[in-house]
Amino acid sequence: MKARTPLSAAALEPDEGGRYGVYGGRYAPETLMAPLEELSRAYDRLRRKRAFQRRLNHLLEHYVGRPTPLYFAERLTEHLGGARIYLKREDLLHTGAHKINNALGQVLLAKEMGKTRIIAETGAGQHGVATATAAALLGLDCVVYMGEEDMRRQRLNVYRMQLLGAEVAPVDAGSQTLKDAINEAFRDWVASFADTHYVLGTVTGPEPYPRMVRQFHSVIGSEARRQLRRLAGTPDPDVAVACVGGGSNAMGLFSAFLGQPDVLLVGVEAGGRGPELGDHAARFSGGTLGVLHGARTLVLQDEEGQVVGTHSVSAGLDYPAVGPEHVFLHEQGQIEFTSATDQEAIEGFHLLSATEGILPALESAHAIAEVTRRAPEMKPDQVILVNLSGRGDKDVESVLEYDAASGGDSASVRHSGSDPDAGDAE
Amino acid sequence: MSPRRKRRSAGAIAAAFKACAKERRSAFVPFLVAGDPSLEATPDLLRALVDGGADVIELGVAFSDPIADGPTIQRASHRALAAGSSLSAVLGVVERHREELGVPIVLFTYYNPVHARGVETFAAQAAGSGVDGVLCVDLPPDEGLRELQPALEERGVDSIYLIAATSTRERIDRAAAASKGFVYYTARSDVTGEREDLIPTLAREVKRVRRRVRLPVAVGFGISTPRQVEEVAKVAHGVVVGSALVRLVEENAGEPDLAARLERRVGELTEPLRG
């Protein structure tokens with residue numbers, strides 16, 4: 001595998017305008033500029049403060065459940081017959097996904113800033129649940145904006161947020177998915193910033209969100225390196241794979257390996273139903289440079305600069321833009337991007353469930369799908385590290401619906417002739 | 001197209017504010033979303049604005065993700081997009097009608113449609129079609145000064161920036177230095193929309209801005225009644241009314257006399273300015 005050219009340390013941080021090369025920035029209405037500047041200052045002050053770090057680390061350990069295990073997926077490895085596959089088990093965190101790392105960090109920051117109210121957007125519901133949880137823990141009011149289409153797909157998460165004391169505000173504009181929920185959260189914040197912090201859930205948005213969210217998730221990669229050294233005898237895998245919606249779990253994993261040119265970093269986008277514009281959320285194959293939600297980045301849009309609808313079986317990847325740092329790192333040859341279709345993700349979901357007894361989130365199942373393509377092509381002494389960003393309990397209903405609609409047959413994929421366990425008596 | 005014929009006089013916005021100042025009154029700056037309810041209807045509606053007493057027109061370019069707009073303008077944007085509106089279409093409307101309308105036109109847009117076209121191409125087309133000024137809601141001077149302003153300036157199109165209640169002194173100065181024609185003060189930290197009451201501190205806030213800004217200051221966000229126009233006119237060089245007119249278009253979209261109704265409403269709103 002070809003080694004990357006290592007990036008200079010300076011290239012790993014954005015400039016003071018929040019730019020990664022020509023990506024990122026702070027494209028916000030004037031009303032929000034001063035609040036954003038205030039947020040950047042508060043974040044920079046607090047992240048250097050030991051007491052803040054201690055408090056966050058304490059909660060991450062005792063409340064959230066860090067460090068998460070790194071798990072050698074032996075049966076999946078045998079099944080695919082190639083590289084050794086290690087799963088970073090973010091799905092085992094409190095609330096069931098990596099999202100809590102960032103949500104807790106930001107809500108703690110908000111509390112330090114004297115804010116009394118928290119707002120957030122959510123797609124799959126995981127970021128909403130994580131934010132509602134952190135708000136409950138720290139005693140702050142919480143409103144979560146969620147597209148009506150996503151509320152239907154993720155109704156259990158809606159109720160979870162309500163149980164946690166959050167108000168779930170339905171968004172019926174546009175495509176009624178993540179992008180529209182973000183629009184609505186920004187609209188709230190324009191009027192409420194005086195007492196409200198907006199917990200943006202991914203590595204996009206205006207400065208300082210991309211770097212702040214990445215930092216709160218960077219614990220994923222740094223833990224994984226440490227654990228790999230112990231388990232696999234090397235801190236650096238040959239390949240690291242993560243799904244990419246906005247790109248927060250990927251950024252959290254990849255950030256630890258950016259200085260390691262021998263690690264191939266692979267981001268997996270939602271290929272949806274196919275390559276037609278509107279049928280997927282694969283920004284790296286179908287997107288063009290644009291400005292959405294405060295950042296200059298790749299956007300799925302038409303020639304007139306109108307953002308187009310996206311589709312993915314997974315609500316968390318169903319978003320027309322991507323974190324600007326991903327675009328920069330892609331341009332620099334640091335991250336490769338590929339996509340997995342709905343069908344491939346569903347098959348990945350079934351495969352991991354059946355071989356390892358782990359139901360992955362449909363988002364993470366896209367990463368598993370990539371592993372199924374890549375691992376067999378690799379040597380048995382090579383290592384693939386996968387970020388299992390969330391658990392799939394929330395998706396059981398979606399998978400059931402998908403299987404029923406497609407003839408109820410996806411589940412039988414695992415019983416095909418290639419099943420290594422056919423004949424095993426377990 | 002002959003550039004000579006289409007070329008509007010540079011500084012038309014400044015001239016319009018100056019003319020109002022001479023008459024010792026504030027300018028009336030109405031806003032509509034181009035293409036709402038249809039592209040065919042837009043020229044008549046713009047004429048109604050002028051006949052009702054508009055001094056400068058803010059012409060909204062519909063965008064799929066209007067994060068700074070409240071429900072009224074969101075719905076209008078949605079209708080306009082469904083009716084086939086786009087930045088190209090809006091430039092076409094300006095090109096065909098700017099001259100006969102006879103008042104300066106400011107494009108009021110989100111940045112992405114401009115960015116998608118390419119700033120140089122956009123600036124050339126805007127100038128060629130007779131656009132007098134451009135305001136990008138989500139392009140603060142921090143980004144705009146580098147990205148869009150030089151291209152517009154080179155072609156004699158004014159850049160207009162927003163100043164908000166949250167703007168620090170530094171930010172006010174930056175917006176003022178970067179703007180040409182006027183600055184737009186958003187009276188309320190909120191999305192667009194009508195409000196029953198103006199904020200009580202408005203006069204003080206506008207004065208704070210005026211002390212630092214040599215350009216005319218237009219005030220908008222939430223103004224919908226003749227009384228509010230009168231109040232704001234006491235402290236501002238220009239009064240912007242958006243959502244109230246957009247709502248009128250929405251409620252009367254099917255009426256054959258939509259334009260006449262709009263003109264009447266604008267006439268009522270400008271009444272206090274005529275003294």
Side-chain angles (χ1 to χ4, degrees), chain A residues 16-19 22 24-38 121 171-175 179-194 196 205-207 287-297 299-309 320-321, chain B residues 61-71 74-75 77-78 81 84-90 109-118 122 135-144 146-147 161-168 170-172 174-175 183-186 188-193 221:
Chain A
E16 60 186 75
R19 287 179 176 276
V22 299
R26 194 184 255 156
Y27 297 84
E30 177 64 22
T31 304
L32 285 180
M33 291 301 281
L36 285 166
E37 287 169 358
E38 181 201 347
E121 83 293 341
V171 178
D172 68 356
S175 56
K179 136 183 120 78
D180 308 286
I182 295 179
N183 291 344
E184 209 54 41
F186 270 114
R187 290 182 190 118
D188 181 312
W189 205 35
V190 167
S192 67
F193 55 81
T196 298
E207 146 71 21
T288 50
L289 197 55
V291 174
L292 183 66
H293 294 148
R296 176 191 256 190
T297 185
V299 179
L300 291 167
Q301 57 184 325
D302 66 18
E303 284 167 6
E304 289 286 346
Q306 303 293 340
V307 180
V308 300
Chain B
V61 178
F63 181 50
S64 52
D65 294 84
I67 61 165
D69 284 301
Q74 283 178 51
R75 286 196 302 272
S77 302
H78 187 76
L81 289 176
S85 195
S86 64
L87 181 54
S88 299
V90 179
T109 182
Y110 287 82
Y111 183 42
N112 197 53
V114 170
H115 184 275
R117 179 158 303 236
F122 167 75
L135 191 163
C136 292
V137 185
D138 54 351
L139 189 71
D142 316 55
E143 311 286 358
R146 278 188 309 183
E147 284 191 32
Y161 289 97
L162 294 167
I163 292 175
T166 51
S167 301
T168 55
E170 295 71 36
R171 297 201 58 82
I172 294 175
R174 199 182 317 176
V183 296
Y184 183 166
Y185 179 70
T186 59
R188 197 177 282 275
S189 295
D190 203 342
V191 292
T192 54
F221 272 44

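Just so it is clear, the model here is predicted, and its values are computed rather than measured. Each chain gets a letter, A, B and so on, in the order its sequence line appears, and its residues count up from 1.
Using a 4.5 Å cut-off between heavy atoms, A/Ala28 touches chain B through its backbone atoms (N, CA, C, O) alone. For a residue to count as touching a neighbouring chain, one of its non-hydrogen atoms must lie under 4.5 Å from one of that chain's; by this rule A/Leu289 touches chain B with backbone and side chain alike. Contacts of B/Ala89 with chain A are absent, with no heavy-atom separation under 4.5 Å from either backbone or side chain. For a residue to count as touching a neighbouring chain, one of its non-hydrogen atoms must lie under 4.5 Å from one of that chain's; by this rule B/Ile163 touches chain A with the backbone only. No part of B/His78 comes within reach of chain A, as not one of its non-hydrogen atoms sits under 4.5 angstrom from that chain.
Contact of the A/Glu30 side chain with the B/Thr186 side chain is not registered, since no non-hydrogen atoms from C-beta on lie closer than 4.5 Å. A/Tyr27 is listed as a side-chain neighbour of B/Glu147, based on a closest heavy-atom distance under 4.5 Å. Residues B/Phe63 and A/Val307 have side chains in contact (heavy-atom distance under 4.5 Å, counting atoms from C-beta outward). B/Asp142 places none of its side-chain heavy atoms less than 4.5 Å from the side chain of A/Arg26. Annotation: side chain of B/Ile67 is in contact with side chain of A/Pro29 (closest heavy-atom distance under 4.5 Å).
Looking only at heavy-atom pairs under 4.5 Å with chain B, the residue among A/Ala34, A/Pro206, A/Gly290 that has the most is A/Gly290.
Summarising the geometry of B/Pro66 relative to A/Arg187, their closest heavy-atom pair is O-NH2, 2.9 Å, with the distance given to 0.1 Å. The shortest heavy-atom contact between B/Gln74 and A/Ala173 is OE1-CB, 4.2 Å.
Among residues two or more places apart in sequence or in another chain, the side chain to side chain contact (heavy atoms under 4.5 Å, CB included) test is passed with A/Val308 by A/Leu277, A/Leu300, A/Asp302. Not counting sequence neighbours, the partners of B/Ala116 by the side chain to side chain contact (heavy atoms under 4.5 Å, CB included) test are A/Gln301.
Side-chain atoms of B/Asn112 come within 3.5 Å of backbone atoms of A/Val291 as a donor-acceptor pair (strictly under, hydrogens ignored). Looking only at distances, a side-chain donor or acceptor of B/Thr166 sits under 3.5 Å from a matching main-chain atom of A/Thr31.
A salt bridge is defined here as a Lys NZ or Arg NE, NH1 or NH2 lying under 4.0 Å from an Asp or Glu carboxylate O, and A/Glu303 with B/Arg117 fails to meet this definition. Between A/Arg296 and B/Glu143 there is no salt bridge, since none of the side-chain N atoms of the basic residue sits less than 4.0 Å from a carboxylate O of the acidic one.
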